[in-house]
Amino acid sequence: MHRYMIQSTLRQFGAHRFASTLRPVAKESVKKGYKTRYIVVGSLAVCTVLYNTNDTVHDSTRHLILTMRRVGVVSIATTRCFYHYKRILGKTYKDKEVRNIELSRCHKKCALITLHALQSNGGIFIKLGQHIGALTYLLPSEWTQTMVPLQDQCPESTLEDIQEMIAEDMGSQFAELFEDVNPKPIGVASLAQVYVGKLRATGQEVAIKCQHPSLKEFVPLDVLLTRTVFEMLDIVFPEYPLTWLGDELQSSIYEELDFTKEAENAVATAKYFDKFTGLTALRIPKVIQANNRVLIMEYIAGKRLDDLDYLKQNRISPSEVSSCLSHIFNNMIFTPNVGLHCDPHGGNLAIRSIKPTKLNKHNFEIILFDHGLYRHPTTQTRRDYAKFWLAMLDHDQEKMVLYANKFANVTEDQFPLFAAAISGRSIDVALNYDITKRRTNEEISQMTSRLLQGHFLADIMRILSRVPRIVLLILKTNDLTRYLDECLHNPLGPERTFLIMTQYCAKTVFDEDVEEIDNLYTKWSFKWCWHYLLVWSSYERRKNQLVLYDTIFWWRQKVNKFLKLI
């Protein structure tokens, strides 16, 4: 009993002493806790006040938050895609068919993840998606088809932000410059959007192209993120080199963002094609005023080039439209010193019905917009490219390999796949058959099946990593115009389109041959005349293939009409 009481007393005494020693410490901790809480609350209060009252703090904080968000969107999407591809490519499959099915699903899943990320960040990420979507003959259809919405469904800037940018850049208020402006833009692209209104000074109806104000803030970051992603992809999947796509985006984006450059390209191209209106039916809107981020042009309304109902209603021949397209872009590609429009997708082309004139005997005009992305290939590149196509049309594989190496840096082993990619045909057709004929369902199925195989895609990527950037843009332009031609459902098929291209290739080679003859021989000497006659006859033979084709086609139409009357 006493023992228990003594132990109890000792315990109480010890607890009391322990409590007495902790009491000052506890009080001190509470005081420190309050101080910390006051500091945190005070700091938050100060930050809130500064955020709402100080423009510098507000803008810096906002920029930091948006930057972290953009980086997060890209990082998460990249990680997810890496995970899915590593999982699929690392599996063992019982046969190729099962592997192809799984890989196709993976392509689609990753393309959707990427599409969501590109749409979320906007800006040049939309442009990147458009680049991917344009590579219809070089990337799996799951990727290119998924990116189609980016051609027409780009994020829209508010009119208030646009007005603020115009006041900042042009030194005048929006209302002082324009009137009767439709607040709804007629077009929203990855880098800009276009409004229709009238110039207050003259009353002329104009198209006002305005760059998205947010681009100025985030372009350097977005370019860095894009390059980083492709470099990471190169490390994780070295068999699929795509750094060339990031390099091309970086080299072109700053030029596209300067609308004064676009104005120069538009003026130069319009001036050059004035003398080809009869062949091309081309119309380029006149530039009225150009600023780095604002471009004012005459307003020309038109329908999409692939609007077949509009063509039918206005009795516009799809085959004539196809021919004009071929003349426009082959002229740009093969003629020395002429700028090449490298972004001729459906959103940058329009058509409108007109009455034929002396200069333009067609009943339509093809309107070409967005002259921001232009390149000037060297004369030698154009010549080697022309010789490559002539060799391909002649089925001369030895020369095809030679000139593919000269203009595209492609080896003999890589050549068969390169020929398929550049022509949009299967390897067998590109090397041995007539590529001027329509693609059959069997050929399309064969191409799709081979593309689904991982090694086939990897080979294409390796080839593209070797090809000069300017050649990639030429190939891109070829792909886009070929796609537009297919959308027109040209009743003549691709044969006439290839014959038009042959004329431009032959003219390019003829000019080079004449240049060499002038260097080797005295003009009008016997040797000069003899060699000139040889190269001229070769050129005329090429050129007259189209004349012969059109003559036969014309007679065939006449005979068919006569037989129907009988």
Give me the atom names and distance for the closest heavy-atom approach of [X] to [Y].
| X | Y | answer |
| --- | --- | --- |
| Cys342 | Thr477 | CA-OG1, 3.4 Å |
| Val194 | Ala207 | CG1-CB, 3.9 Å |
| Leu215 | Leu191 | CD1-O, 3.3 Å |
| Ile126 | Gln119 | CD1-CA, 4.0 Å |
| Glu262 | Asp370 | OE2-CA, 3.5 Å |
| Gly129 | Leu118 | CA-CD1, 3.6 Å |

Ignoring hydrogens and angles, tell me if any N or O in the side chain of [X] forms a donor-acceptor pair with the backbone of [Y] under 3.5 Å.
| X | Y | result |
| --- | --- | --- |
| Thr260 | Ala290 | no |
| Arg200 | Ala175 | yes |
| Ser120 | His116 | no |
| Arg382 | Pro377 | yes |
| Asp307 | Lys303 | no |
| Glu365 | Ala281 | no |
| His371 | Ala268 | no |
| Asn291 | Arg293 | yes |
| His362 | Val321 | no |
| Thr269 | Ala266 | no |

Evaluate whether atom [atom1] of [X] has more than 12 neighbouring non-hydrogen atoms of other residues, nucleotides or ligands under 6.0 angstrom away.
| X | atom1 | result |
| --- | --- | --- |
| Lys312 | NZ | no |
| Lys261 | NZ | no |
| Asn337 | CG | no |
| Glu255 | CD | yes |

- Would you please test Cys110 and Trp143 for side-chain contact (heavy atoms from CB on, under 4.5 Å) and show each step? CA-CA 8 Å; Cys110 292; Trp143 275 92; 3.8 Å; yes

I need the [X] [atom1] to [Y] [atom2] distance, nearest 0.5 Å.
| X | Y | atom1 | atom2 | answer |
| --- | --- | --- | --- | --- |
| Asn314 | Ser353 | CG | OG | 4.0 Å |
| Ile500 | His327 | CD1 | NE2 | 4.0 Å |
| Leu488 | Leu308 | CG | CG | 6.5 Å |
| Ser322 | Asp485 | OG | CG | 3.0 Å |
| Ile208 | Gln289 | CD1 | CD | 11.0 Å |
| Gln193 | Cys210 | CD | SG | 7.0 Å |

- Checking side-chain contact (heavy atoms from CB on, under 4.5 Å) for the pair Leu177/Ile296: CA distance, chi angles, key distance, verdict? CA-CA 11 Å; Leu177 297 170; Ile296 305 170; 6.0 Å; no

Using a strict cut-off of less than 4.0 Å between a Lys/Arg side-chain nitrogen and an Asp/Glu carboxylate oxygen, indicate whether [X] and [Y] qualify as a salt bridge.
| X | Y | result |
| --- | --- | --- |
| Lys198 | Glu179 | no |
| Glu168 | Lys216 | yes |
| Asp394 | Arg542 | yes |
| Glu298 | Arg283 | yes |

- Taking the six-membered ring of Phe259, is NZ or CZ of Lys209 closer than 6.0 Å to its centre and within 45° of its axis? yes

Can you check whether [X] reaches [Y] side chain to side chain, under 4.5 Å on heavy atoms?
| X | Y | answer |
| --- | --- | --- |
| Val294 | Met170 | yes |
| Cys324 | Leu279 | no |
| Glu142 | Ser104 | yes |
| Phe418 | Leu475 | yes |
| Val219 | Tyr254 | yes |
| Tyr195 | Lys184 | no |
| Leu325 | Leu305 | yes |
| Phe364 | Glu320 | yes |

Determine whether the side chains of [X] and [Y] contain a donor N or O and an acceptor N or O closer than 3.5 Å.
| X | Y | result |
| --- | --- | --- |
| Gln313 | Asp309 | no |
| Gln545 | Thr502 | no |
| Tyr374 | Asp343 | no |
| Ser157 | Asp161 | no |
| Ser326 | Ser323 | no |

- Tyr403/Phe407 under ring-ring contact (aromatic ring centres under 6.0 Å, His included): CA gap, chis, key distance, verdict: CA-CA 6 Å; Tyr403 291 112; Phe407 86 88; 8.8 Å; no

- Determine, step by step, whether Val509 and Lys387 satisfy the side-chain contact (heavy atoms from CB on, under 4.5 Å) criterion, reporting the C-alpha distance in whole Å, the side-chain angles of both residues, the deciding distance to 0.1 Å, and the verdict. CA-CA 7 Å; Val509 174; Lys387 292 174 183 176; 3.7 Å; yes

- Message: As a quick check of understanding, evaluate side-chain contact (heavy atoms from CB on, under 4.5 Å) for Leu340 and Leu473, giving each step before the final call.
- Response: CA-CA 9 Å; Leu340 171 61; Leu473 285 174; 5.6 Å; no

- Task: Please state whether the rings of Phe388 and Tyr385 are parallel, tilted or perpendicular, taking 30° and 60° as the class boundaries.
- Result: parallel

